[in-house]
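These notes are about the structure you will find just below.
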Amino acid sequence: MDMKNLYMIGGTMGVGKTTVCQRLKMTLEHAVFLDGDWCWDAQPFVVNEETKAMVIRNICFLLNNFLHCSAYENIIFCWVMHEQEIIDSIVENLDMENCQLKCISLLAGEQSLRDRLQKDVRQGLRGADVIHRSMERIPLYQNLNTIKVETDGKSVQKIVDEIRLL
């Protein structure tokens, strides 16, 4: 069996995870992409111990299916993942045999992040409360056992190129 790559890409809301991952998917061979938000898109959005455990199970189920599928060599996953415990709880439930793990945190400065989120709020894509919640999470990424990739002042393609070189 050929070696697979699992890209776990985290970052606070508005940092560009989905955009970067969609572009990364297009530049890698035999790639598949999972956004963790797709595993927990509910109305009302309920956060409690039961729903947090459920979303981890959903994510692990899908990632393991991708890891076991011979059609895919590159599995790309993104989610906020602001605590090491979240990353660890996913990885420890994956079949990582013949798989290289690349844990990455996308970073942005406060002002560029605020500008990106305000644009989304103006377009009705996000609620205004996301700005404060995202700002609070910025420092948490420095404490994670991940490769840090700065996004400020870089094109999506430049960020993707940096990730591909990892």
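- Among M81, M8, K52, the one residue that satisfies the side-chain contact (heavy atoms from CB on, under 4.5 Å) test with I86 is M81.
- Linking ILVMFWY residues whenever their side-chain heavy atoms come closer than 4.5 Å, directly or via other members, leaves M135 and L125 in distinct clusters.
- Looking only at side-chain heavy atoms (C-beta outward), L6 and K102 stay at 4.5 Å or farther from each other.
- Annotation for C60 and I90: closest pair SG-O, 3.7 Å, computed over non-hydrogen atoms.
- Applying the side chain to side chain donor-acceptor pair (under 3.5 Å) criterion to D115, with sequence neighbours excluded, gives Q111.
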Check: Hey, mind stepping through K25 and V32 against side chain to side chain contact (heavy atoms under 4.5 Å, CB included) and telling me if it holds?
Finding: CA-CA 6 Å; K25 178 185 71 179; V32 63; over 6 Å; no
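- I56 approaches S89 most closely through the heavy-atom pair CD1-OG, 3.8 Å.
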Item checked: Intermediate values then yes/no, side chain to side chain contact (heavy atoms under 4.5 Å, CB included), I104 and Y7 -> CA-CA 7 Å; I104 300 154; Y7 296 84; 4.2 Å; yes
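- Tracing side-chain contacts under 4.5 Å through hydrophobic residues (I, L, V, M, F, W, Y), one reaches F61 starting from V55; they form part of the same cluster.
- Cluster annotation: L62 and I9 are assigned to the same hydrophobic cluster (Ile/Leu/Val/Met/Phe/Trp/Tyr, side-chain heavy-atom contacts under 4.5 Å, transitive).
- Between C103 and N145, the closest side-chain pair of non-hydrogen atoms is not below 4.5 Å.
- Side-chain contact between D88 and E85 is absent, with no heavy atoms from C-beta onward closer than 4.5 Å.
- The minimum heavy-atom distance between L113 and V15, with the atom names listed, is CD1-N, 3.7 Å.
- Distance alone, capped at 3.5 Å, is enough to place a donor-acceptor pair between the T27 side chain and the L24 backbone.
- Within the 4.5 Å cutoff, no side-chain heavy atoms of Q22 are placed close to those of I76.
- Using a 4.5 Å cut-off between side-chain heavy atoms of Ile, Leu, Val, Met, Phe, Trp and Tyr, with links allowed through other members, Y141 and I138 fall into the same hydrophobic cluster.
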Notebook entry, point to check: Yes or no on side chain to side chain contact (heavy atoms under 4.5 Å, CB included) for R126 and M13, after CA distance, side-chain angles and deciding distance?
Noted result: CA-CA 10 Å; R126 300 178 191 261; M13 295 83 80; 3.8 Å; yes
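- Ring to ring, W38 and F33 are close: their centroids are under 6.0 angstrom apart.
- Donor-acceptor pairing under 3.5 Å is recorded for the side chains of N5 and N74.
- More than 12 heavy atoms of other residues, nucleotides or ligands sit less than 6.0 Å from atom CD of Q123.
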Check: Can you check side chain to side chain contact (heavy atoms under 4.5 Å, CB included) on C21 and D35, steps first, answer last?
Finding: CA-CA 9 Å; C21 289; D35 187 322; over 6 Å; no
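- A 4.5 Å side-chain heavy-atom check between N98 and K4 finds every atom pair outside the cut-off.
- For the pair I59 and F77, the minimum side-chain heavy-atom distance is below 4.5 Å.
- Both L107 and L144 are assigned to one and the same hydrophobic cluster, defined by single-linkage of ILVMFWY side chains at heavy-atom distances under 4.5 Å.
- A side-chain donor-acceptor contact under 3.5 Å links W79 and D37.
- Closest heavy-atom contact between K148 and T146: NZ-O, 2.9 Å.
- Formation of a donor-acceptor pair under 3.5 Å by the Y72 side chain with backbone atoms of L67 is not found in this model.
- Taking each heavy atom of T12 and R137 in turn, the nearest pair found is OG1-CB, 3.5 Å.
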Next item on the list: Apply salt bridge (charged side-chain N to carboxylate O under 4.0 Å, His left out) to E150 and K154, showing your working.
Entry: CA-CA 8 Å; E150 292 285 344; K154 295 179 184 172; over 6 Å; no
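- Among all heavy-atom pairs drawn from V46 and T51, the shortest one is O-OG1, 2.8 Å.
- A distance of 9.0 Å separates NE2 of H68 from CG of L94, quoted to the nearest 0.5 Å.
- Taken to the nearest 0.5 Å, the SG atom of C39 stands 12.0 Å off from the CZ atom of R57.
- In this structure the side chain of L63 reaches within 4.5 angstrom of the side chain of I75, judged on heavy atoms.
- Within the 3.5 Å criterion, the main-chain N or O of V149 finds no donor-acceptor partner in the side chain of E162.
- A donor and an acceptor atom, one from each side chain of T151 and R116, are located under 3.5 Å apart.
- Using a distance-only test at 3.5 Å, with no hydrogens or angles considered, no donor-acceptor pair links the side chain of D95 to the main chain of N64.
- For the residue pair K17/T19, the side-chain donor-acceptor check at 3.5 Å is not satisfied.
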